[in-house]
Every structure is written in C-alpha cells, then in structure tokens.
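Below you'll find the structure, written out as structure tokens, and then a few comments.
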Amino acid sequence: MGQARNTAEVEDVAREVIALWLDVEPDTFDVAVTFEIPENAREAWEESRRREAMARTESEAAAQLARRAVATLRADGLTYRDAGAVLGLSAQRVQQLAASGATRTNTAS
C-alpha cells in the first residue's frame, strides 16, 4: 500500500508500490493514472470548456465585424481619426484594426 500527499505524487507512489509488488525496477514499466471527479464537477468543467470555445468563436466574429466596419469607413474616405471618432475608438486602434484586416486579407488570398 502507498500513500500520496497530493495528485502530483500519485504516479510515483503507484510506481513504487507496483515495483515492490512485482519485484522489478520502477522504471521498467509504464503507469497510467486516471482521476475520477464527481459528476457535477465534470459536467461543470465540460460546460466551461464548451462556453470558452463558443466565446472564442464569438470574439473572432466580433473582431471580423470591427475590421469590416473600419475598412468600410476607410474606403468611404474617413481618416483614422475620423473613423475613431464615429466608432468611439482611438485613431491608433482604428489603424490597428485596419492593419489586421489587411493582413488577414493578404493571408487569405
């Protein structure tokens, strides 16, 4: 029997116990450790991962729309400063959005 003080020690303790039991060296076999967590914790974790993925997708869609708005205003002749004023952004942010839109367009071509 072995006892680990924390999850980081589980594999090492299991390896020691197995090695003693089989009378072999601890580095002569593989150990796979699997943790089981309560169902409600697992469900909460899976839902959090799903929502994070959705948030990343939504964030990218929002960024694409922002770049499109900037590109449209710039194509209509607005300066970075003017586009920033109407969008509530700094001229520097508008310039960044314009540059990232141009970069994405060039890489997609």
Side-chain angles (χ1 to χ4, degrees):
M1 181 196 294
Q3 183 174 355
R5 293 181 301 229
N6 56 55
T7 57
E9 293 180 354
V10 171
E11 183 178 340
D12 290 339
V13 171
R15 186 174 294 285
E16 289 173 15
V17 170
I18 293 166
L20 287 170
W21 185 262
L22 298 176
D23 194 27
V24 296
E25 291 299 314
D27 60 351
T28 59
F29 54 88
D30 293 328
V31 174
V33 176
T34 304
F35 294 100
E36 291 187 23
I37 61 175
E39 180 79 10
N40 58 348
R42 184 188 56 74
E43 288 173 354
W45 179 250
E46 289 172 357
E47 178 68 10
S48 77
R49 304 305 297 163
R50 186 182 69 74
R51 288 185 183 207
E52 280 183 352
M54 286 174 41
R56 281 190 299 276
T57 300
E58 288 297 316
S59 180
E60 180 55 34
Q64 287 175 356
L65 290 169
R67 289 189 296 269
R68 186 183 316 159
V70 165
T72 301
L73 294 175
R74 293 285 294 143
D76 286 347
L78 274 71
T79 65
Y80 292 122
R81 178 175 289 162
D82 290 342
V86 299
L87 296 174
L89 301 172
S90 69
Q92 291 83 4
R93 182 63 185 137
V94 171
Q95 195 169 7
Q96 290 171 340
L97 289 167
S100 68
T103 301
R104 290 183 180 276
T105 302
N106 292 338
T107 4
S109 300

Let me confirm one number: the CG-CD distance from N6 to E9, rounded to the nearest 0.5 Å.
4.5 Å
Residue D23 excluded, over 12 heavy atoms near CG under 6.0 Å:
no
Do R67 and Q64 have side-chain N/O donor and acceptor atoms under 3.5 Å apart?
no
Any side-chain heavy-atom pair of Y80 and R74 under 4.5 Å:
yes
Among T72, V86, L87, V70, side-chain contact (heavy atoms from CB on, under 4.5 Å) partner for L78:
V86
Criterion salt bridge (Lys or Arg N to Asp or Glu O under 4.0 Å) on E46 and R49, from CA distance to verdict
CA-CA 5 Å; E46 289 172 357; R49 304 305 297 163; over 6 Å; no
Is a side-chain donor or acceptor of D82 paired with a backbone partner of A85 at a separation under 3.5 angstrom?
no
Find out if a path of hydrophobic residues (ILVMFWY) with successive side-chain heavy-atom gaps under 4.5 Å connects M1 to L22.
no
Spell out, yes or no, whether W21 and V31 are grouped together once hydrophobic residues are joined by side-chain heavy atoms under 4.5 Å, including indirect joins.
yes
Within a reach of under 6.0 Å around CD of Q3, are more than 12 heavy atoms found that belong to other residues, nucleotides or ligands?
no
If hydrophobic clusters are built by linking Ile, Leu, Val, Met, Phe, Trp and Tyr wherever their side-chain heavy atoms come under 4.5 Å apart, do I18 and V33 end up in the same one?
yes
Heavy-atom pair with the smallest gap, counting every atom of A41 and I37
C-CD1, 4.0 Å
Check whether any side-chain heavy atom of T57 lies under 4.5 Å from a side-chain heavy atom of M54, and answer yes or no.
no
Exam field: side chain S48 to backbone W45, donor-acceptor pair closer than 3.5 Å
yes
Flag yes if more than 12 heavy atoms outside R68 fall under 6.0 Å of its CZ atom; otherwise flag no.
no
Mark yes when over 12 heavy atoms from residues, nucleotides or ligands other than R51 sit less than 6.0 Å from its CZ; otherwise mark no.
no
When hydrophobic residues are tied together by side-chain contacts of less than 4.5 Å, even through go-betweens, does F29 share a cluster with V13?
no
Mark yes when over 12 heavy atoms from residues, nucleotides or ligands other than E47 sit less than 6.0 Å from its CD; otherwise mark no.
yes
Any Lys/Arg nitrogen of R15 or E11 sitting under 4.0 Å from an Asp/Glu carboxylate oxygen of the other?
yes
Shortest non-hydrogen contact from V94 toward A83
CG1-CB, 3.8 Å
